[in-house]
Trainee: 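A single structure is presented below for examination.
Computed from a predicted model, the values in this text were never measured in an experiment. In what follows, residues are counted from 1 in the order of the sequence shown.
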Amino acid sequence: MVRYSEEKFPVSLLTVAVPPSANAEVRFALQELKSIVGERTGMGIGNAASSASATFQWVVRKEGGALPEVSERDGKSNREHYKLTVSGKGVQVDAQTSAGLYYAVQTLRQLITGEGKTAFIPGAFIEDRPALTYRGVMMDFAHGGLPTIAEIKRQIDFLARWKTNQYYFYNEVSIELKGFPNIAYRSGYTQAQVREIIAYGRQRHMDVVPFLNLYGHLHELLRNEQYAGLAIGQYGHELDPRKPETNALLKDWIGQYAGLFPGPFIHVGFDETWETKRIADDKDGRINSEDLWVQQLMFVQAELKKYGKTVLAWTDMNNYYPDIIQKIPAGVIPVLWEYKPDTVEINRYLNPILKEQKPFFIQPAVSGWGHIYPDADYTYNNIDLCLQAGVKHKALGFIHSVWTDPVEPFVRASWLFMAYGCIGAWQGQVPDKKHFTEMYSRVMYPQVAGKMQKAFDDLAASNEALDKCLGRNTNGMPRGTIVESWSNPFLPYYLKNTSEHATDFRNARRLSESAQATLVSALARCSPRDTAFIHSMIVTARLMRYSATRFLWAKTICDRWNESMLERKKNDFVAYDLVYPCHGLLVDVMDEAGELKTAYSEAWRSEYMAYRLNTMLARFDVENGLWQKLSFKVIGYRIENKPDHVADQSFEALFKPDF
């Protein structure tokens with residue numbers, strides 16, 4: 001409930017008292033308040049002589065309750081509830097626990113209006129509680145770049161603003177395990193680093209939950225000869241549960257994970273175990289893949305139960321095994337994931353769960369796994385429909401996926417959409433899409449809100465234009481524009497595609513250029529803490545522009561040559577237009593790709609560890625080679641022939657452009 005009044009309270013007059021008896025969680029929440037005020041006003045909060053004289057008054061009614069517990073599954077917990085009153089006299093918070101106090105502070109962050117000495121908090125009475133008990137974001141630490149510890153902390157700080165209480169650490173083999181020295185060596189996190197992350201999340205009332213893979217998605221383990229014998233396929237993805245050595249390994253892993261992550265929940269994966277089914281169907285009729293799936297889940301749950309853990313597992317295999325939901329062991333919480341904005345698809349997975357009357361979580365995603373910048377409408381609509389289904393059918397929790405399968409995109413580009421889903425999970429309904437980027441930008445970037453709103457909107461529109469051009473016929477690969485964005489633009493298929501979508505490619509360029517210009521201008525006025533983020537978004541805009549440029553330039557180069565040589569039969573400065581050293585069309589692309597490689601590397605290092613960076617930079621090297629080789633071929637052809645020579649072949653036939 002929210003009621004606003006005509007009153008307001010100047011932020012500069014806030015004072016707070018912190019009694020010696022205050023516990024660490026309360027102290028942290030009040031320190032957070034001081035930091036927020038400092039950011040917005042440049043001034044600190046005064047220390048009041050007593051609680052009675054403070055203009056920020058607070059009450060925490062219960063000790064404990066810092067993190068979500070299994071006992072809250074009935075949805076009746078008031079652990080996170082708070083009341084916030086702002087009047088002309090000051091601010092009052094009445095919270096059930098330190099979590100409620102912390103969330104009240106986050107609400108105040110959103111309410112503060114203006115900057116500096118004139119900043120104020122509008123009069124209001126707010127009684128707030130979450131619609132869903134468990135509200136998480138799943139971050140991918142397996143497929144793409146591995147965020148630095150500093151970046152993970154920035155993510156947790158960001159998610160805490162929207163009252164997220166679970167941070168799912170999706171891991172295949174990205175965490176160091178004792179006795180397995182090759183796992184995560186220079187490609188993951190030490191156990192000490194994971195403990196640091198867990199402690200950081202706890203301070204912000206966010207449980208760091210392990211999101212494991214204890215059946216499939218273990219290619220990075222099974223491609224090693226040392227462990228290849230545990231696979232059901234050859235250097236494949238899935239363990240073979242029939243082998244005693246498999247579960248001996250898992251017992252070891254489970255013990256280590258259970259000891260590392262103190263929270264009550266563990267997600268064990270069990271999605272997309274297609275390989276076992278394929279082998280059973282095509283090669284070995286002795287294998288009952290459905291029975292193996294159930295058998296392995298029962299084993300994993302029994303082991304984790306020894307450590308007092310509650311198991312969550314994905315249910316997508318009910319698409320292949322229609323009766324699988326009724327076979328899920330009692331106590332395992334099914335997690336329905338569906339990333340399409342399609343009610344039919346959501347219900348296909350939801351209805352079997354409802355039929356068995358099982359408590360469940362629901363999991364949508366940011367559509368960033370196939371695009372440089374996420375598909376905004378696709379993401380918003382997917383979140384909307386999953387949240388509606390979850391609230392209607394009383395889901396226990398909501399997990400928002402952030403996948404990085406194509407490796408190339410920056411997770412920072414997904415932050416806006418993460419906030420959208422987190423706000424929806426707390427409120428039980430999503431924000432107003434029409435005004436969301438405006439309101440989000442006001443809260444996140446108060447000094448440059450208008451510029452950031454425009455940049456976000458332009459990036460979304462640029463991706464929409466690119467999506468009309470690229471991303472077809474990509475079954476079996478991440479859906480979206482990235483798969484084709486580095487393809488040979490001179491192939492007949494792409495020259496035809498570019499001709500048909502020239503307007504869309506130009507729109508993508510125009511909009512990404514507009515976003516870049518707006519972001520560059522925002523750098524001059526933004527808070528210093530936002531400069532790294534904005535630099536990443538500038539590189540995102542440049543990548544989108546380049547994706548469109550390379551296809552348009554390939555078509556323009558071919559058209560320029562073919563029109564002169566084949567249609568007009570005239571060599572009218574074609575070589576000059578194509579390969580002049582400082583501004584030929586081929587040189588344009590080399591210049592842009594070369595500069596972008598440097599900017600991309602800098603942005604990557606500001607967000608990720610070095611792991612996989614070379615794989616990404618190699619794309620730029622191969623790309624530069626395509627245009628460089630073409631340039632040398634055209635120069636050589638020009639030198640070998642007289643100035644007025646007219647070619648009798650098309651550009652693509654004569655020079656055969658290829659990587």
Side-chain angles (χ1 to χ4, degrees), residues 24-25 27-36 39 65-68 80 98-107 109-110 130 134-142 144-171 174-175 188-211 260-265 267 366 368 397-404 410-423 425-426 440 443-444 527 529-530 532-533 536 606-609:
E25 294 156 7
R27 290 176 179 275
F28 185 84
L30 297 177
Q31 183 57 47
E32 183 91 342
L33 175 65
K34 292 179 179 181
S35 298
I36 291 166
E39 289 172 5
L67 296 175
E80 297 172 311
S98 59
L101 175 62
Y102 184 80
Y103 293 150
V105 168
Q106 300 309 318
T107 297
R109 183 202 294 269
Q110 298 169 26
Y134 308 107
R135 306 172 307 282
V137 168
M138 187 219 75
M139 200 60 60
D140 185 354
F141 294 96
L146 297 175
T148 63
I149 301 303
E151 183 67 13
I152 294 170
K153 291 178 178 179
R154 282 189 284 268
Q155 291 174 355
I156 290 172
D157 283 333
F158 173 76
L159 295 172
R161 287 175 174 243
W162 321 112
K163 307 179 178 71
T164 304
N165 64 10
Q166 290 181 319
Y167 182 88
Y168 286 86
F169 196 112
Y170 179 86
N171 161 65
S174 301
I175 296 175
Y189 303 89
T190 67
Q191 292 194 13
Q193 287 174 320
V194 172
R195 289 190 184 95
E196 181 181 347
I197 294 164
I198 292 168
Y200 196 85
R202 180 184 175 83
Q203 284 184 311
R204 291 148 184 83
H205 301 276
M206 203 177 303
D207 188 20
V208 178
V209 181
F211 212 120
L260 180 59
F261 291 90
F265 295 103
H267 196 303
V366 179
F398 185 88
I399 304 172
H400 197 177
S401 305
V402 183
W403 292 110
T404 58
F410 301 115
V411 168
R412 290 173 182 171
S414 295
W415 279 28
L416 176 145
F417 305 97
M418 290 155 58
Y420 182 84
C422 293
I423 293 167
W426 176 273
Y440 171 83
V443 172
M444 284 296 298
S527 167
R529 70 179 182 276
D530 295 325
F533 177 88
S536 291
S606 79
E607 185 170 346
Y608 299 131
M609 301 180 192

Trainee: Test of understanding: with ring-ring contact (aromatic ring centres under 6.0 Å, His included), list the residues that count as partners of Tyr103, not counting sequence neighbours.
Mentor: Trp426
Trainee: With a 4.5 Å heavy-atom cut-off, do Pro262 and Ile198 have their side chains touching?
Mentor: yes
Trainee: Between OG1 of Thr190 and CD1 of Ile149, what distance do you get to the nearest 0.5 Å?
Mentor: 7.0 Å
Trainee: Taking only residues two or more places apart in sequence or in another chain, which ones pass side chain to side chain donor-acceptor pair (under 3.5 Å) with Asn171?
Mentor: Tyr257
Trainee: Report the residues that fulfil side chain to side chain donor-acceptor pair (under 3.5 Å) with Tyr200, sequence neighbours left out, ordered by chain and then residue number.
Mentor: Asp157, Arg204
Trainee: So do Gln106 and Trp162 actually touch side chain to side chain, heavy atoms under 4.5 Å?
Mentor: no
Trainee: How would you list, by chain and number, every residue that makes a salt bridge (Lys or Arg N to Asp or Glu O under 4.0 Å) with Arg109, sequence neighbours excluded?
Mentor: Glu32, Glu39
Trainee: Determine whether a donor-acceptor pair (N or O, by modelled atom type, separation under 3.5 Å) exists between the side chain of Ser174 and the backbone of Phe141.
Mentor: yes
Trainee: Quick one: closest heavy-atom pair of Phe28 and Gln203, and the distance?
Mentor: CD2-O, 3.4 Å
Trainee: Determine the minimum heavy-atom distance between Gly144 and Thr404, stating which atoms define it.
Mentor: N-OG1, 2.9 Å
Trainee: In chain order, what residues pass the salt bridge (Lys or Arg N to Asp or Glu O under 4.0 Å) check against Arg412, with sequence neighbours excluded?
Mentor: Glu151, Glu607
Trainee: So which atom in Leu101 and which in Leu30 form the shortest heavy-atom distance, rounded to 0.1 Å?
Mentor: CD2-CD2, 4.4 Å
Trainee: Would a 4.5 Å heavy-atom cut-off, applied to side chains only, mark Glu196 and Tyr189 as touching?
Mentor: no
Trainee: To the nearest 0.5 Å, what is the distance between CG on Leu67 and CZ on Arg202?
Mentor: 4.5 Å
Trainee: ring-ring contact (aromatic ring centres under 6.0 Å, His included) with Tyr168: which residues, sequence neighbours excluded?
Mentor: Phe211
Trainee: I need the Leu159 CG to Asn165 CG distance, nearest 0.5 Å.
Mentor: 11.0 Å
Trainee: When rounded to the nearest 0.5 angstrom, what distance separates CD in Gln31 from CZ in Arg27?
Mentor: 10.5 Å
Trainee: Is there a side chain to side chain contact (heavy atoms under 4.5 Å, CB included) between Gln155 and Trp415 once you walk through the steps?
Mentor: CA-CA 8 Å; Gln155 291 174 355; Trp415 279 28; 4.0 Å; yes
Trainee: Tyr608: which residues meet the ring-ring contact (aromatic ring centres under 6.0 Å, His included) condition with it, sequence neighbours left out?
Mentor: Trp604
Trainee: Between Phe398 and Gly421, what is the shortest heavy-atom contact and its length?
Mentor: CE2-O, 3.7 Å
Trainee: How would you list, by chain and number, every residue that makes a side chain to side chain contact (heavy atoms under 4.5 Å, CB included) with Thr107, sequence neighbours excluded?
Mentor: Tyr82, Leu84, Leu111, Ile126, Asp128, Lys163
Trainee: Apply side chain to side chain contact (heavy atoms under 4.5 Å, CB included) to Arg135 and Glu80, showing your working.
Mentor: CA-CA 12 Å; Arg135 306 172 307 282; Glu80 297 172 311; 2.9 Å; yes
Trainee: Looking at every heavy atom in both Met444 and Asp530, which two are closest together, and how far apart are they?
Mentor: O-OD2, 3.9 Å
Trainee: Can you list everything that forms a side chain to side chain contact (heavy atoms under 4.5 Å, CB included) with Ser98? Sequence neighbours excluded, please.
Mentor: Glu25, Val26, His205
Trainee: Rounded to the nearest 0.5 Å, what's the gap from OG1 on Thr164 to NE2 on His400? Could you check?
Mentor: 10.0 Å
Trainee: With sequence neighbours left out, what residues match Ala150 under side chain to side chain contact (heavy atoms under 4.5 Å, CB included)?
Mentor: Thr148, Arg154
Trainee: For Ser536 versus Ser606, what's the shortest heavy-atom pair and its separation?
Mentor: OG-OG, 4.0 Å
Trainee: If you apply the rule side chain to side chain contact (heavy atoms under 4.5 Å, CB included), what do you find for Met139 with Ile152, and how did you get there?
Mentor: CA-CA 9 Å; Met139 200 60 60; Ile152 294 170; over 6 Å; no
Trainee: With no hydrogens and no angle check, is any side-chain donor or acceptor of Asp207 less than 3.5 Å from a backbone partner on Pro68?
Mentor: no
Trainee: Before you tell me yes or no, could you show the steps for Phe261 and Val209 under side chain to side chain contact (heavy atoms under 4.5 Å, CB included), namely the whole-Å CA-CA distance, both residues' side-chain angles and the distance that decides it to 0.1 Å?
Mentor: CA-CA 7 Å; Phe261 291 90; Val209 181; over 6 Å; no
Trainee: According to side chain to side chain donor-acceptor pair (under 3.5 Å), who are the partners of Ser414, at least two apart in sequence or on a separate chain?
Mentor: none
Trainee: Does any non-hydrogen side-chain atom of Val194 lie less than 4.5 Å from one of Val208?
Mentor: no
Trainee: Quick one: pull up OH in Tyr420 and OH in Tyr440 and give me the separation to the nearest 0.5 Å.
Mentor: 14.0 Å
Trainee: The criterion is ring-ring contact (aromatic ring centres under 6.0 Å, His included); which residues satisfy it with Phe265, sequence neighbours excluded?
Mentor: Tyr134
